[in-house]
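Data block below; observations after.
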Amino acid sequence: MTHQAHSYHMVNPSPWPLTGATAAFALTGGLVMWFHHNKLVLLQIGLILMLLTMIQWWRDIVRESTFQGHHTPTVQKGLRYGMILFITSEVFFFIGFFWAFYHSSLAPTPELGGQWPPSGIFPLNPMEVPLLNTAVLLASGITVTWAHHAIMSGKHKEATQALTLTIILGLYFTLLQAMEYYEAPFTIADSVYGTTFFVATGFHGLHVIIGSSFLLICLLRQINHHFTMQHHFGFEAAAWYWHFVDVVWLFLYISIYWWGS
């Protein structure tokens, strides 16, 4: 085509979906090899291939959106719908964990001692580290909103500072949760309480790490002046995701840490 008569982005052929799928397959197989045979080679290959795919795929998308002008308002609208649907799917992912928790806790079986928490389980105090983690994550929600408003106002330095603070708070949350896991008086194998606790909070912790990575990429792009007052959907998507992580944590704190203890 010598002239494009529409505002859609016709993506060029790319090898990254194929290398990404190969990396995911290697990671899955590598985990099995690690668990059953204590061999790390395949897992390490999968991780390296996944990292290389991420770096190069994101590089291409940044180039298409920032320098080649392919992300027109029509394309951005499609990206927004895609992000909304992705976050919706994540909501249903966590609904499954809450369903399991309430199914077990609202009507404890005789095997659990007919009570919740089950007999022999000593839950964590919700007024200690979990409450601090709640404050940290809520504060990070405020700083990411501050960064968004700074970008929309064209305040480059202020946006960079707010984004840096958000990432620090996210990493601090992860550190606190790791400490909490290390000191927890029960394990994932301790009845349905331990299983629902570690699976639900663990997947949330994984989402915090993913969100922190998302924001770190946005910080690098912000430093390199990729975002303008009108064109910054990459950051908006990260902010939406971070607010989703915030809201899920509030439900986790109220349900599992406070009510469930």
Side-chain angles (χ1 to χ4, degrees), residues 4 6-11 54-94 133-174 204-253:
Q4 185 172 300
H6 58 77
S7 58
Y8 296 95
H9 177 204
M10 308 308 290
V11 185
M54 287 160 58
I55 290 165
Q56 293 172 107
W57 202 344
W58 294 346
R59 176 206 64 195
D60 287 354
I61 293 170
V62 167
R63 185 185 292 150
E64 290 163 358
S65 62
T66 310
F67 303 113
Q68 296 178 330
H70 287 308
H71 286 194
T72 61
T74 307
V75 173
Q76 287 186 58
K77 187 178 180 182
L79 292 170
R80 280 183 167 80
Y81 284 141
M83 195 66 195
I84 289 166
L85 288 172
F86 170 65
I87 290 174
T88 303
S89 74
E90 292 279 69
V91 168
F92 282 95
F93 177 74
F94 277 99
N133 256 344
T134 303
V136 168
L137 215 51
L138 288 176
S140 73
I142 293 167
T143 56
V144 81
T145 304
W146 171 27
H148 192 189
H149 282 277
I151 289 171
M152 289 191 293
S153 303
K155 298 174 182 175
H156 182 266
K157 186 179 178 181
E158 198 174 301
T160 304
Q161 290 170 342
L163 203 43
T164 303
L165 192 54
T166 306
I167 294 163
I168 290 169
L169 288 168
L171 294 175
Y172 183 45
F173 176 94
T174 303
H204 176 268
L206 177 64
H207 282 70
V208 171
I209 293 168
I210 293 166
S212 300
S213 305
F214 204 168
L215 289 169
L216 181 60
I217 299 301
C218 287
L219 176 60
L220 295 173
R221 294 190 65 196
Q222 171 66 14
I223 290 167
N224 287 306
H225 298 271
H226 288 180
F227 298 134
T228 66
M229 288 187 284
Q230 293 81 26
H231 196 135
H232 53 264
F233 176 69
F235 172 79
E236 269 188 86
W240 291 356
Y241 189 82
W242 197 252
H243 287 309
F244 158 73
V245 167
D246 272 357
V247 172
V248 169
W249 175 257
L250 287 175
F251 280 101
L252 280 173
Y253 177 75

Flag if over 12 foreign heavy atoms under 6.0 Å of [atom1], [X]:
X: Phe94; atom1: CZ; result: yes
X: Tyr8; atom1: OH; result: no
X: Phe251; atom1: CZ; result: no

To the nearest 0.5 Å, what is the distance between [atom1] ([X]) and [atom2] ([Y])?
X: Thr88; Y: Phe92; atom1: OG1; atom2: CZ; value: 7.5 Å
X: Thr174; Y: Leu169; atom1: OG1; atom2: CG; value: 11.0 Å
X: Gln230; Y: His232; atom1: CD; atom2: NE2; value: 8.5 Å
X: Thr164; Y: Ile223; atom1: OG1; atom2: CD1; value: 6.0 Å
X: Ile168; Y: Ser212; atom1: CD1; atom2: OG; value: 11.0 Å

When you compare the side chain of [Y] with that of [X], does any pair of heavy atoms fall below 4.5 Å?
X: Cys218; Y: Phe227; answer: yes
X: Met83; Y: Trp240; answer: yes
X: His226; Y: Val62; answer: yes
X: Val245; Y: Trp249; answer: no
X: Val11; Y: His70; answer: no
X: Thr134; Y: Leu138; answer: yes

Do any pairs count as a salt bridge (charged side-chain N to carboxylate O under 4.0 Å, His left out) and have a residue in residues 133-147, sequence neighbours left out, and if so which ones?
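Qualifying pairs, neighbours excluded: none.
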Test: salt bridge (charged side-chain N to carboxylate O under 4.0 Å, His left out). Region: residues 214-238. Which pairs qualify, not counting sequence neighbours?
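For residues 214-238, and leaving out neighbouring residues, the salt bridge (charged side-chain N to carboxylate O under 4.0 Å, His left out) pairs sorted by first residue read Arg80-Glu236.
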Check the angle between the aromatic planes of His207 and Tyr241 and answer parallel, tilted or perpendicular using the 30° and 60° thresholds.
parallel
Please find out if less than 6.0 Å separates the ring center of Phe173 from that of His204.
yes
Assess the pair Phe235 and Trp242: is the distance between their ring centroids shorter than 6.0 Å?
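Between Trp242 and Phe235, which both carry aromatic rings, the centre distance is not below 6.0 Å.
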What pair of heavy atoms forms the shortest contact from [X] to [Y], and how long is it?
X: Leu165; Y: Thr143; result: CD2-CG2, 3.7 Å
X: Thr74; Y: Ser7; result: OG1-OG, 2.8 Å
X: Ser140; Y: Leu137; result: OG-O, 2.6 Å

Of all residues at least two apart in sequence or in a different chain, which pass the side chain to side chain contact (heavy atoms under 4.5 Å, CB included) check with Ile167?
Leu171, Leu215, Leu216, Leu219
Trp58: partners by side chain to side chain contact (heavy atoms under 4.5 Å, CB included), with sequence neighbours left out
Met54, Ile217
Would you please name every residue forming a side-chain hydrogen bond (donor to acceptor under 3.5 Å, both in side chains) with Glu64, sequence neighbours left out?
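Once residues adjacent in sequence are excluded, Glu64 has no partner under the side-chain hydrogen bond (donor to acceptor under 3.5 Å, both in side chains) criterion.
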Walk me through whether Ile61 and His71 qualify under side-chain contact (heavy atoms from CB on, under 4.5 Å).
CA-CA 9 Å; Ile61 293 170; His71 286 194; 4.2 Å; yes
Identify all side-chain donor-acceptor contacts of residues 147-158 below 3.5 Å with residues at least two apart in sequence or on another chain.
from	atom 1	to	atom 2	distance (Å)
Ser153	OG	His149	O	2.9
His156	NE2	Gln222	O	2.7
Glu158	OE2	Trp146	NE1	2.9

